[in-house]
Amino acid sequence: MTQTEIDTGTDELLASRQGGVVTLTMNRADSRNALTLAMVEAMAAQLERAETDNGVRCVVLTGAGKGFCSGGDVKGFASAANAEPMLPDAAIRLQRRLQRDTAGRLRHMPKPTLAAINGAAAGAGLALALACDMRIMVDSAVMVTSFSRVGLSGDFGGTYLLSHLLGPAKARELYFLSPKLSAEEALAIGLVNRLVGAGEFNASVFQTAQALASGPTIALGYMKENLNRALSASFEECMDIEATHHIHCFQTADHKEAAAAFMRREEPIFHGR
């Protein structure tokens, strides 16, 4: 399967496509892939492109080198403190847009998203990983919220995501005290789906991404919306939207292929239609 490189407009974010899988790689290995404005803007643009491209059926987010993402660029913050500051309201508008267009899009786009956590995931980097539908983590990596260590309250949806994944008490502990979680601890409390040794990590990520990309894309998108709504809607509301989505799925080519394959006693081949 041929891999095609995608121009992101910056060396700080790499993008490639292999079949129906788009991989976005945060590419500042010397700073453990700390986020910059250029990187986040490019990520937002590539995620929008992936969401609207019907040929893309899964998005993988990972980091270059030995780290996933260390969060915001603290050194850059220090330099910015001595420069001409952005007015607070303008900074808030920018931050809200970037959060919605990255973490928000990873969480809500009607396609599976997979975080390939190849190293430490901290701060906003951790939040981006948690915004993905699934997480595969190398067994030597760590997770840490980090914000209390730098006098910040947190961003990119991490407080929401941790509260829903772990409950309010554990989320408060991880934010207030900022302990480093080993890969084993992260797996034990349900923050990751799978731990993999370094030697098998890339193959495991590829296999999982291809499995997601070869699934019934429309049905998976509806499943994702159902599961997201289940966190806040009533039981009756969830059943209503399930019914709507379920009936729509009956009309898809993928369902018809699955029904025909069942009669043939063969595995279905889904095309995302």
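The first residue in the sequence is number 1, and the count goes up from there.
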Looking at Arg57 and Gly215, would you say the former's side chain and the latter's main chain have a donor-acceptor pair under 3.5 Å? yes
Backbone of Phe156 reached by a side-chain donor or acceptor of Gln99 within 3.5 Å: yes
Should Leu165 and Met137 be counted in the same cluster of Ile, Leu, Val, Met, Phe, Trp and Tyr side chains packed under 4.5 Å apart? yes
Considering only NZ, NE, NH1 and NH2 on the basic side and carboxylate oxygens on the acidic side, decide whether Asp73 and Arg32 come within less than 4.0 Å. no
For Pro112 and Leu220 the tightest heavy-atom approach is CG-CD1, 3.9 Å
Looking at Arg17, I'd like to know if its CZ atom is crowded, meaning that more than 12 non-hydrogen atoms belonging to other residues, nucleotides or ligands lie closer than 6.0 Å. yes
About how many Å separate CE of Met43 and OG1 of Thr10, when rounded to the nearest 0.5 Å? 11.0 Å
Give the intermediate values and the outcome of salt bridge (Lys or Arg N to Asp or Glu O under 4.0 Å) for residues Lys111 and Glu51. CA-CA 7 Å; Lys111 300 174 181 182; Glu51 180 175 0; over 6 Å; no
Hey, could you give me the CG/NE2 distance between Asn226 and His246, rounded to the nearest 0.5 Å? 10.5 Å
Side-chain heavy-atom pair Met223, His245 within 4.5 angstrom cut-off: no
Using a 3.5 Å distance criterion without hydrogens, assess whether the side chain of Thr252 forms a donor-acceptor pair with backbone atoms of Cys249. yes
Can you check whether Leu130 reaches Leu162 side chain to side chain, under 4.5 Å on heavy atoms? yes
Single-linkage hydrophobic cluster Leu114~Phe201, side-chain heavy atoms < 4.5 angstrom: yes
Taking Val59 as the starting point, is it possible to reach Val21 by hopping between hydrophobic residues whose side chains are less than 4.5 Å apart? no
Do any N or O atoms from the side chain of Glu257 and from the backbone of Ile269 form a donor-acceptor pair under 3.5 angstrom? yes
Around atom CD of Glu5, are there more than 12 heavy atoms of other residues, nucleotides or ligands at under 6.0 Å? yes
Would you call Ile218 and His248 a side-chain contact if the rule is heavy atoms closer than 4.5 Å? no
Thr208 and Arg194 side chains, donor-acceptor separation under 3.5 Å: yes
Between the side chain of Asp254 and the main-chain N/O of His271, is any donor-acceptor distance below 3.5 Å? yes
I'd like to check Leu47 versus Asp101 (side-chain heavy atoms, cut-off strictly below 4.5 Å). Are they in contact? no
If you look at every heavy atom in Ala127 and Asp155, which pair is closest and at what distance? CB-O, 3.8 Å
For residues Thr36 and Glu12, is any side-chain donor paired with an opposing acceptor at under 3.5 Å? yes
So, the side chain of Thr145 versus the backbone of Gly123: is there a donor-acceptor pair under 3.5 Å, distance only? no
d(Ile136 CD1, Asn193 CG) to nearest 0.5 Å is 7.5 Å
Spacing of CG belonging to Leu24 relative to CZ belonging to Arg49, to within rounding of 0.5 Å: 10.5 Å
List the atom of Gly67, the atom of Asn33, and the distance in Å for their closest heavy-atom pair. O-ND2, 2.6 Å
Backbone N or O of Met109 within a donor-acceptor pair of the Lys224 side chain at under 3.5 Å? yes
What verdict does the side chain to side chain contact (heavy atoms under 4.5 Å, CB included) test give for Val40 and Thr102, after you've listed the backbone C-alpha separation in whole Å, the side-chain angles of each residue and the deciding distance to 0.1 Å? CA-CA 7 Å; Val40 177; Thr102 53; 3.8 Å; yes
Taking atom CG of Leu227 and atom CZ of Arg107, what is their separation to the nearest 0.5 Å? 9.5 Å
Parallel, tilted or perpendicular, judged at 30° and 60°: which one describes the rings of Phe250 and His255? perpendicular
Taking all atoms of both residues into account, what is the closest heavy-atom pair of Arg135 and Leu191, and its distance? NE-O, 2.6 Å
Examine Leu187 and Met143 and state if one hydrophobic cluster contains both, with Ile, Leu, Val, Met, Phe, Trp and Tyr joined whenever side-chain heavy atoms are less than 4.5 Å apart. yes
Passes salt bridge (Lys or Arg N to Asp or Glu O under 4.0 Å), Arg97 versus Glu41? Steps please. CA-CA 10 Å; Arg97 177 178 64 80; Glu41 290 274 22; 2.9 Å; yes
Is any side-chain heavy atom of Leu128 closer than 4.5 Å to a side-chain heavy atom of Leu35? yes
Salt bridge Asp11-Arg28, side-chain N to carboxylate O under 4.0 Å: no
Please evaluate residues Leu37 and Leu98 with respect to the criterion side chain to side chain contact (heavy atoms under 4.5 Å, CB included), reporting the C-alpha separation (whole Å), side-chain torsions for both, the decisive distance (0.1 Å), and the verdict. CA-CA 9 Å; Leu37 179 59; Leu98 293 176; 3.6 Å; yes
Value for CD (Glu200) from CG (Leu195), rounded to nearest 0.5 Å, stands at 12.0 Å
Just by distance, do the side chain of Arg149 and the backbone of Gly151 share a donor-acceptor pair under 3.5 Å? no
Are the side chains of Val142 and Leu181 in contact, using a 4.5 Å heavy-atom criterion? no
Side-chain (Ser163) to main-chain (Pro168) donor-acceptor, under 3.5 angstrom: no
With the 4.5 Å side-chain cut-off for hydrophobic clustering, are Phe147 and Leu126 part of the same group? yes
With a 4.5 Å cut-off on side-chain heavy atoms, are Leu61 and Leu106 touching? yes
Are Glu48 and Gln46 close enough that a side-chain donor and a side-chain acceptor fall under 3.5 Å? no
For Ser178 and Ser146, indicate whether the former's side chain and the latter's backbone hold a donor-acceptor pair under 3.5 Å. yes
Any side-chain heavy-atom pair from Met39 and Thr8 closer than 4.5 angstrom? no
I would like to know whether Leu166 and Ile189 meet side chain to side chain contact (heavy atoms under 4.5 Å, CB included); could you show each step before the answer? CA-CA 7 Å; Leu166 302 179; Ile189 63 176; 3.9 Å; yes
Would you call Glu242 and Arg229 a salt bridge, using N to O less than 4.0 angstrom? no
Between Ser204 and Gln207: side-chain donor-acceptor atoms closer than 3.5 Å: no
